[in-house]
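Below is one structure, written out as structure tokens, with a few remarks after it.
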Amino acid sequence: MKEIYLDNNATTRVADEVIEAMLPYYRTLYGNPSSMHTFGGQVHRKIEEARQEVAQLINAEPEEIIFTSCGTESDNTALMSAIETNPQKKHIITTKVEHRCVNNVCQ
Ligand SMILES: Cc1ncc(COP(=O)(O)O)c(C=O)c1O
């Protein structure tokens, strides 16, 4: 029986070109971009380049681009930003089928 993977919504195969683009960051550019040392500075500059490229792609300003590390952080950042920038708004409409991290913030 041939098995097929139908859970790409949860995790998916990384595209070859993404693996290729990421290899330098596994092999040589692995410094912490928040650190003051040279290794970190190199990575920090690469992240800022990426921020500029993403901003250009969607016609935004680089400072409007926020990189997050996971789905939970992304959801929380979006929701908390919306709440903080719109304090006059008192309701969020959501559904029971949202991810737990969305419903937790909404509650
Ligand atoms: C909408 C949504 N938010 C958050 C998450 C959790 O993602 P992570 O484990 O990367 O925090 C998922 C995971 O499936 C998700 O579908």
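Order of appearance sets the numbers: ligands from 1, and atoms from 1 within every ligand. Remember, it's a predicted structure, so these values are computed and weren't measured experimentally.
The nearest pair of heavy atoms linking L29 to V43 is O-CG2, 3.3 Å. Among all heavy-atom pairs drawn from T77 and I66, the shortest one is CG2-CD1, 4.4 Å. What you find for R13 and N8 is that their closest heavy atoms are N-OD1, 4.3 Å.
In terms of N/O distances under 3.5 Å, ligand 1 is not approached by C101. Residue T72 has at least one N or O atom closer than 3.5 Å to an N or O atom of ligand 1. For the pair E73 and ligand 1, the shortest N or O to N or O distance does not fall below 3.5 Å.
In this structure, N86 contributes its side chain and Q88 its backbone to no donor-acceptor pair below 3.5 Å.
Atom 8 (P) of ligand 1 has its closest protein heavy atom at G71 N, 3.6 Å. The nearest heavy-atom contact from the protein to atom 12 (C) of ligand 1 is H99 CD2, 3.2 Å.
Taking a cut-off of under 4.0 Å to the non-hydrogen atoms of D75, the atoms of ligand 1 that pass are 1 (C), 2 (C), 3 (N), 4 (C).
Residues E48 and R51 are paired through a salt bridge, judged by an N-O separation under 4.0 Å between the basic side chain and the carboxylate.
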